[in-house]
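Scroll down for the structure; my scribbles are underneath it.
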Amino acid sequence: MTRESTTSEDNQKTNMGETEKRVTTPGVRWFSKIKMFLLALTWAYVSKSLSGIYMNTMLTQIERQFDIPTSIVGFINGSFEIECVKEMKSLMWIYVLVGNIIRGIGETPIMPLGISYIEDFAKSENSPLYIGILETGKMIGPISGLLLGSFCARIYVDIGSVNTDDLTITPTDTRWVGAWWIGFLVCAGVNILTSIPFFFFPKTLPKEGLQDNGDGTENSREEKHREKAKEENKAITKDFLPFMKSLSCNPIYMLLILTSVLQINAFISMFTFLPKYLEQQYGKSTSEVVLLIGTYNLPPICIGYLLIGFIMKKFKITVKKAAYMAFCLSLFEYLLSFFHFMINCDNFPVAGLTTTYEGIQHPLHVENKVLADCNTRCGCLMNTWDPVCGDNGLSYMSACLAGCEKSVGTGTHMVFQNCSCIRSSGNSSSVLGLCKKGPECANKLQYFLIMSVIGSFIYSITAIPGYMVLLRCVSNLKRSHLELDYMHFAQEYLSGIPAPIYFGALIDRTCLHWGTLKCGEPGACRMYDINNFRRIYLVLPAALRGSSYLPAFFIIILMRKFQFPGEIDSSEPELAEMKLTMDKSDCTDVHRSPKFENDGELKTKL
């Protein structure tokens, strides 16, 4: 009798303790919901993409600030090593490089761990919608980053310490340096605020759909779910090498990695240097270009992410069908991108560089004759880049090389007169800056942007099915953050780091005129051969993307032999495992812990 009373009393205390814990910790329970985690993670995606995109938009400004070639900028963007020229100014590279490395260390776990967390604790039918929301967050950040970059690029870098009225350059000049450092301060503040909510989340979240009805049944199921996750994580940790071996022998998974590496190499190469390409091709300033990218490219991507997530949830489209659709649409968008080769403008007409002093274009492989009879007695420096536009529509590398004798006005309103090399019906004068390209080039820019809108939308609706194939090509028995970590590692070190480096080095080979440092070393490129630039910018990514469709085609074939969640009947989402129906290979016959084998037997019986 005493023993029963004691037991009853202990149970009452335990229940009271649990009730008291639930009542006294509403804040913790508020954070113990998958949707709250989704909100915080989406904001983290916004912050991550804001910093990353802003860094990309400011690469041209950093290149001009430190007078470095594009290949070195690629090193900085990839957080790799850089070569330092022995000037005091170049020591600032270290701060930019270290900051980029720290940013990469902090941002790396967000994508793989966050998506794995969502996939583990959300209902399987809600995963596409949640991932679509996350991807939309990744696009909101770039929109903000591009707007911020456009604003900072219009402000002179030394604002507050120089009189901007005395400047002789404008934002369209290749020597203009925007206030890139302002945006970095903004991004740092946003990152700090983003980190605060994650301090309040518990180690594990309850499985979505398990509600507390007061009788303790659902709490018990929730506790079992947590214990099961802990035991599987311990088993995976113990059998790490066998797990990685079996993961690397999963054909769909490895082909997905190969496909993503090729695709991301192409995407990073194009997006990193898109502002530079539009500046050189269509004669726009950095602030204009960045604003156009944000206006035309990112809204259709946001719409596409949300649309495909909603469609997959609403119409219960299986992962397999969505993957087929995504492959066909992606291939169509790839073929459509070849129209970009037809949308081009000519080089700026610069006397002694792209044309003769008579305005006749000549092959660029012919040795440039910077000097002419009209300016040989002026004693001009041949390496100077201070371009002027003559009233004959021809640009010159400097007022001296244009043969100008005097100037009137100050700042950007300065006019050079009596220019002996300018043969026109006017007064042979010139103004600061390169001559603007004609209206036909502006029209071609609009065609380019319209094609970009279509391509961006199609790209976005093909991304979510690819994520779902990745997440579910490995069975729930083995699924953990390791599969995403492994892919993220491959994408970063095979795409994120090398792509801007080798692409920047190839772009440097198209430079027509280099700036010169005080020590005589070449600095930033002032003008490119836009025809060679266009070939490299379009052909190399097209080749990379084209080669990625071969492994993607094999994925489509292999998927016919797999059964994904949603294609089999199951009363519990966690029991809807993907099963390999092909014969067992030696690759998957690896040592496994007893826990793995028991779980496998249990799920086979179920």
Side-chain angles (χ1 to χ4, degrees), residues 56 59 69-71 73-75 77-78 80 254-282 293 297 301 323 326-345 364-365 444 447-449 451-463 466 469-470 487 490-511 525 528-557:
N56 281 334
L59 288 178
T70 306
S71 57
V73 173
F75 275 102
N77 190 50
F80 208 65
M254 296 307 297
L255 287 172
L256 275 171
I257 289 182
L258 178 58
T259 302
S260 66
V261 166
L262 292 172
Q263 289 270 1
I264 292 176
N265 263 280
F267 176 78
I268 289 180
S269 299
M270 293 193 70
F271 191 79
T272 300
F273 299 104
L274 178 59
K276 180 186 288 290
Y277 176 75
L278 296 182
E279 287 179 50
Q280 294 291 324
Q281 181 74 242
Y282 302 105
I293 294 173
N297 287 56
I301 294 180
F327 177 82
C328 295
L329 288 175
S330 178
L331 185 60
F332 171 74
E333 186 269 330
Y334 170 69
L335 297 175
L336 197 65
S337 66
F338 281 93
F339 282 101
H340 286 143
F341 287 91
M342 304 169 58
I343 308 173
N344 58 78
C345 298
L364 297 179
H365 59 80
K444 290 182 178 180
Y447 301 148
F448 180 91
L449 293 172
M451 294 295 298
S452 298
V453 169
I454 299 173
S456 298
F457 178 75
I458 297 176
Y459 166 81
S460 63
I461 62 179
T462 62
V469 173
L470 168 65
M487 171 165 275
Q491 291 174 348
E492 285 293 321
Y493 288 92
L494 298 180
S495 302
I497 292 178
I501 297 173
Y502 68 72
F503 206 73
L506 290 174
I507 291 175
D508 280 339
R509 296 173 64 88
T510 68
C511 185
C525 183
Y528 296 88
D529 174 11
I530 194 57
N531 293 317
N532 284 335
F533 192 166
R534 180 175 61 254
R535 294 188 191 101
I536 291 175
Y537 183 80
L538 296 177
V539 171
L540 181 58
L544 290 168
R545 287 194 62 191
S547 60
S548 71
Y549 287 102
L550 181 60
F553 177 73
F554 285 115
I555 291 174
I556 295 298
I557 294 176

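A distance-only check finds no donor-acceptor pair linking the side chain of Thr272 to the backbone of Ser269 [under 3.5 Å]. Using a distance-only test at 3.5 Å, with no hydrogens or angles considered, a donor-acceptor pair links the side chain of Gln281 to the main chain of Cys345. Judged purely by atom type and a 3.5 angstrom limit, Lys444 has no side-chain atom pairing as donor or acceptor with the backbone of Ile343. For the pair Asp508 (side chain) and Thr70 (backbone), a donor-acceptor distance under 3.5 Å is present. Put simply, the side chain of Ser456 never gets that close to the backbone of Val453: no donor and acceptor are under 3.5 Å apart. Between the Ser547 side chain and the Ala543 main chain, a donor and an acceptor come within less than 3.5 Å of each other.
You'll find the side chain of Leu274 stays beyond 4.5 Å of the side chain of Asn56, heavy atoms only. In this structure, Glu333 and Leu329 have side chains that are not in contact, with every pair of non-hydrogen atoms separated by 4.5 Å or more.
Residues Asn265 and Ser495 have side chains that bring a donor and an acceptor to within less than 3.5 angstrom of each other.
Nearest heavy atom pair, residue Asn532 against residue Asp529, reads ND2-OD2, 2.7 Å. For the pair Pro500 and Ile268, the tightest heavy-atom approach, listed with the atom from each and the gap, is CD-CG2, 3.9 Å. Closest of all the heavy-atom pairs between Ile507 and Phe273 is CD1-CG, 3.7 Å. Residue Asn297 comes nearest to Ile301 through the heavy atom pair O-CG1, 3.3 Å, listed as atom of the first residue, atom of the second, then distance. Pairing each heavy atom of Ile293 with each of Pro275, the nearest pair is CD1-CG, 4.1 Å.
Shown here are the side chain to side chain contact (heavy atoms under 4.5 Å, CB included) partners of Leu258, two or more places apart in sequence or in another chain: Leu262, Pro551. Every residue two or more places apart in sequence or in another chain that forms a side chain to side chain contact (heavy atoms under 4.5 Å, CB included) with Leu494 is listed here: Val261, Ala490. Shown here are the side-chain hydrogen bond (donor to acceptor under 3.5 Å, both in side chains) partners of Arg509, two or more places apart in sequence or in another chain: there are none.
Using bins of under 30°, 30° to 60° and over 60° for the plane-to-plane angle, the ring pair Tyr549/Phe327 lands in the perpendicular bin. Using bins of under 30°, 30° to 60° and over 60° for the plane-to-plane angle, the ring pair Tyr282/Tyr277 lands in the perpendicular bin. Ring pair Phe533/Tyr537 is perpendicular by interplanar angle, where above 60° counts as perpendicular and below 30° as parallel.
Going from atom OG of Ser330 over to atom OH of Tyr334 covers 10.0 Å, rounded to the nearest 0.5 Å. Here the CD1-CZ distance, from Ile454 to Phe457, works out to 10.5 Å after rounding to the nearest 0.5 Å. Once rounded to the nearest 0.5 Å, the distance linking OG of Ser337 with CE of Met270 reads 7.5 Å. Atom-to-atom distance recorded for Met451:CE and Phe448:CZ is 9.5 Å, nearest 0.5 angstrom. Distance CZ/Arg535 to CG/Leu506: 14.0 Å, rounded to 0.5 Å. Remark: Phe503 CZ to Ile536 CD1 distance equals 7.5 Å, nearest 0.5 Å.
Within a 6.0 Å radius of CZ in Phe341, other residues, nucleotides and ligands contribute more than 12 heavy atoms.
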